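The structure appears below as structure tokens.
The shown structure was predicted, so the numbers you read here are calculated from the model rather than taken from an experiment. Below, chains carry the letters A, B, ... as their sequence lines are ordered, and counting in each starts from 1.
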Amino acid sequence: MEENNAAEKQLNFLEEIIESGLKDGTYTSIQTRFPPEPNGYLHIGHAKSICINFGLAKKYGGKTNLRFDDTNPVKEDTEYVDSIQEDIHWLGFDWAEKHYASDYFEQLYEWAELLIQKGLAYVDDQTLDQIREGRGTVTTPGKNSPYRDRSVEENLDLFRRMRAGEFPDGAKVLRAKIDMAHPNMMFRDPIMYRILHAHHHRTGDKWCIYPMYDYAHGQSDSIEHITHSICTLEFDIHRPLYDWFIEQLGIWPSHQYEFARLNINYTVMSKRKLLQLVKENYVTGWDDPRMPTICGFRRRGYTPESIKAFCDRIGVAKRDNIIDYSLLEFSLREHLNKVAQRRMAVLDPVKVVIDNYPEGQTEMLTAVNNPECEADGTRQVPFGRELWIEREDFMEVAPKKYFRMAIGQEVRLRYAYFVTAQSVEKDAEGNITCIHCTYDPATRGGDAPDGRKVKGTIHWAPDDVEEGHTFLENLNPNSLKVVTAKCEPSLGTQTSPSAQFPDGIERYQFERMGYFCSDRDSTPDHLVFNRTCTLKDSWAKIK
RNA sequence: UGUCCUAUGGUGUAAUGGUAGCACAUCAGAUUUUGGUUCUGCUUGUCUAGGUUCGAAUCCUGGUAGGACAACCA
């Protein structure tokens with residue numbers, strides 16, 4: 001008990017902040033939010049943020065809102081708002097309230113007029129380049145705009161006319177009046193509104209001025225009484241401005257906290273780059289199984305549980321990090337090992353003939369569905385004189401420590417018999433086309449009554465009259481590899497997915513080969529599986 | 001030659017002035033009708049130089065290294 005308490009005491013820095021605020025009465029419950037911009041699909045990095053925001057609220061009995069940060073109509077689309085909601089639900093989270101920053105446009109506008117009246121905002125007529133130049137650099141101060149000292153009346157009039165659509169895009173902006181020499185660039189009269197005659201996915205053509213992130217985010221948090229506005233490190237420098245708007249407006253004070261974003265080695269985690277992969281057709285879509293998007297991982301066969309377990313393991317801190325991809329795979333295998341039923345499929349088949357097995361005979365053998373879950377029971381697999389094994393499971397001459405099939409080396413065909421290879425047939429190029437074996441009828445099921453052992457057990461698939469009716473889409477990190485495989489018939493007859501997978505995606509372990517899931521392109525006549533990941537392979541290291 | 005953030009094994013993450021722990025990875029062994037799973041064990045770490053203290057990963061100062069900020073993006 002004490003040990004458990006000690007373990008629970010190991011809090012991340014956000015949990016510490018929350019607990020101390022709860023303890024000193026700063027707030028009695030917490031409110032978080034997940035604030036995606038609907039300009040792309042969610043990726044594994046967003047999963048971390050989702051787990052933090054929803055997870056923290058759940059842990060401390062608070063609530064989490066979903067808020068679309070839709071302040072830039074030219075990049076946003078309803079396709080993205082739909083996919084984002086689907087992905088959050090698939091991960092197993094649900095929001096207390098759903099909002100859009102665009103719901104607050106009117107309020108934001110009124111607050112902008114208030115700031116103008118307080119002499120804290122002005123309309124600037126400078127061009128984009130002039131503004132950029134006037135801002136200075138990180139090491140040199142900026143210069144005041146010649147329009148900086150317009151009267152409150154003139155600013156109000158101009159701003160209203162901006163809203164009324166009297167000016168073209170880029171003609172004017174509304175700026176906060178702070179300090180053009182401030183060492184934090186964010187304070188050098190940041191732009192609050194720009195003119196954009198663009199159709200918004202929710203507000204249509206109602207507006208032609210749109211607020212900038214810095215002018216919208218904190219106030220949106222404030223409106224929703226977000227106690228902990230959690231974002232990534234690059235917004236750290238925005239926090240003083242976030243606080244400034246809230247203070248000048250005198251509104252409910254939300255507070256922002258920053259954590260280090262997720263990086264995974266070998267993994268592209270930039271929305272912009274992922275968009276490019278899709279737009280330029282390097283991949284088949286946002287849900288291409290090679291994409292690190294949530295829908296990509298879903299199609300690839302990852303489970304929500306494994307992604308959440310991963311997010312749990314990586315922790316939350318403020319230092320930059322690069323997580324080993326192997327940690328993601330570990331979390332995946334950990335879950336799938338427990339719940340995925342086993343099947344046998346031969347991805348790179350070579351023919352085997354058991355010469356002393358009666359011609360024309362077939363028999364049914366019993367195979368365990370999941371050794372990790374007895375309740376999953378068993379299934380029957382047809383066995384006959386001719387069958388298929390993996391090409392890499394045979395060598396004419398076995399090197400040291402090679403325990404698979406070789407001439408004269410007895411191996412077990414899983415759940416079937418001990419067999420010994422005797423000879424091979426080859427084609428003109430010298431490729432093996434058929435392996436001739438003998439079997440020991442006394443070893444039915446895979447055990448020898450005389451107690452003798454074999455070093456290796458290999459999987460196999462029965463000979464199939466319908467040539468190549470099963471396909472496998474086999475995923476490599478950098479390429480799409482499609483192979484035609486042989487598999488046991490039970491795979492084709494599966495009609496209802498395991499209760500373990502409420503998302504309706506069938507997932508299996510193909511013994512000794514890896515975890516695979518049915519692809520949405522799969523049909524009863526033409527099964528398509530995606531390889532989710534391989535099994536750990538200690539033989540590959542020995543080789 | 002600015003402001004801010006960060007620095008603990010290979011990778012992450014704890015230790016909140018008192019024995020540097022956990023996970024992944026790696027390596028070795030045991031078990032195994034999956035070279036899977038499971039189990040056991042090993043190796044590897046406080047950026048640096050001072051200071052405070054009985055005692056510093058932790059507090060202070062300087063250095064070094066990495067990162068963020070100069071969109072009318074979020």
Side-chain angles (χ1 to χ4, degrees), chain A residues 6-7 9-12 16 35-37 39 69-72 74-76 101 124 127-128 131-133 135-142 169-175 182-188 191-196 210 212-214 216-217 231-240 258 260 265 271-272 313-331 333-334 337-338 342 344 367-368 371-372 401-404 412-416 418 443 445-447 453-459 509-514 534-543:
Chain A
K9 276 280 193 302
Q10 293 190 354
L11 307 173
N12 67 48
E16 282 177 7
E37 184 191 13
N39 67 345
D69 222 338
D70 54 352
T71 57
N72 186 5
V74 302
K75 286 188 177 173
E76 295 153 8
D124 195 346
T127 64
L128 196 156
I131 289 175
R132 186 174 296 161
E133 200 171 328
R135 191 152 30 219
T137 72
V138 288
T139 52
T140 59
D169 288 3
K172 288 176 170 31
V173 292
L174 183 71
R175 290 231 252 175
H182 202 284
N184 181 343
M185 299 290 291
M186 290 296 150
F187 274 132
R188 320 249 261 227
I191 293 172
M192 294 164 59
Y193 273 92
R194 75 284 214 191
I195 299 171
L196 238 38
Y210 290 92
M212 300 288 288
Y213 168 86
D214 285 302
H217 201 91
C231 61
T232 47
L233 245 33
E234 65 266 32
F235 291 98
D236 172 287
I237 200 160
H238 295 244
R239 180 165 19 88
E258 311 86 20
N265 45 14
K271 251 178 159 180
R272 188 181 57 77
R313 278 191 176 95
I314 58 178
V316 182
K318 295 193 76 158
R319 62 190 97 103
D320 293 331
N321 62 84
I322 302 174
I323 308 286
D324 270 352
Y325 196 89
S326 62
L327 189 61
L328 220 203
E329 292 203 320
F330 171 81
S331 302
R333 291 187 182 118
E334 174 187 52
N337 176 53
K338 291 270 186 296
R342 273 59 176 183
M344 291 193 292
V368 173
E372 305 288 321
K401 289 198 175 176
Y402 184 83
F403 303 140
R404 283 115 100 142
R412 175 189 294 112
L413 292 176
R414 179 134 233 232
Y415 298 126
F418 285 10
T443 57
D447 276 311
K453 303 286 184 196
V454 287
K455 279 287 196 47
T457 299
I458 63 175
H459 64 281
Q509 181 195 108
F510 291 166
E511 296 214 28
R512 306 206 308 131
M513 300 311 290
T534 62
L535 261 27
K536 280 179 73 175
D537 188 357
S538 53
W539 166 243
K541 290 173 189 163
I542 296 169
K543 272 195 300 189

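Distance check, rounded to the nearest 0.5 Å: CG of A/Leu128 to CZ of A/Arg194 gives 11.5 Å.
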A/Ile191/A/Asp124 under side chain to side chain contact (heavy atoms under 4.5 Å, CB included): CA gap, chis, key distance, verdict: CA-CA 9 Å; A/Ile191 293 172; A/Asp124 195 346; over 6 Å; no

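Using a 4.0 Å heavy-atom distance criterion, A/Met186 is classed as a sugar-phosphate-only contact. Contact annotation for A/Asn184: no contact, since no heavy-atom pair falls under 4.0 Å across all strands. If you check every strand for non-hydrogen atoms under 4.0 Å, A/Leu535 touches a base. Across all strands, A/Ile458 comes closer than 4.0 Å to no nucleic acid atom at all (heavy-atom distances). Across all strands shown, A/Ser331 has no heavy atoms under 4.0 Å from either base or sugar-phosphate atoms.
Comparing atom distances between the A/Glu511 side chain and each of B/U34, B/U6, B/A71 picks out B/U34 as nearest. The side chain of A/Met212 approaches B/C72 more closely than any other nucleotide in the set B/C72, B/G12, B/G35. Side chain of A/Asp236, nearest nucleotide from B/G35, B/C5, B/C69: B/C5. Proximity note for A/Ser538 (side chain, C-beta onward) versus B/A74, B/G36, B/G2: the nearest is B/G36. Minimum atom distance to the side chain of A/Ser326 is reached by B/C24, of the listed B/C24, B/A74, B/C73. Across B/U13, B/G35, B/G36, the shortest atom-to-atom separation from the side chain of A/Ala317 is found for B/U13.
For A/Arg313 against B/G12, a side-chain-to-base donor-acceptor contact under 3.5 Å is absent. A donor N or O paired with an acceptor N or O is found under 3.5 Å between the base of B/A74 and the side-chain atoms of A/His238. With hydrogens and angles ignored, a donor-acceptor pair under 3.5 angstrom links the side chain of A/Gln509 to the base of B/U34. For a distance-only test at 3.5 Å, the side chain of A/Arg342 qualifies as a donor-acceptor partner of the base of B/U34.
Put simply, NE2 on A/His459 is 10 Å from P on B/G35, counting in whole angstrom units. Atom CZ in A/Phe330 sits about 15 Å away from atom P in B/C22, given to the nearest Å.
When the C1' atom is compared between B/U34 and B/A25, the two are found 22 Å apart, to the nearest whole Å.
Taking only side-chain nitrogens and oxygens, A/Arg239 never comes nearer than 4.0 Å to OP1 or OP2 of B/C5. At least one side-chain nitrogen or oxygen of A/Arg135 sits closer than 4.0 Å to the OP1 or OP2 atom of B/A71. For A/Lys541, a side-chain nitrogen or oxygen approaches OP1 or OP2 of B/U26 to under 4.0 Å. Between A/Arg412 and B/U34 there is no side-chain N or O to OP1 or OP2 distance below 4.0 Å. Listed pair A/Thr71 / B/A74 meets the phosphate criterion, a side-chain N or O lying under 4.0 Å from OP1 or OP2. Remark: A/Arg194 is in phosphate contact with B/A74, judged by side-chain N or O atoms under 4.0 Å from OP1 or OP2. Contact between the side-chain N/O atoms of A/Arg414 and the OP1/OP2 oxygens of B/G35 is not found at any separation under 4.0 Å.
No donor-acceptor pair under 3.5 Å is formed between the side chain of A/Asp69 and the backbone N or O of A/Ala101.
Judged by centroid separation below 5.5 Å and plane tilt below 30°, A/Trp539 stacks onto the base of B/G35.
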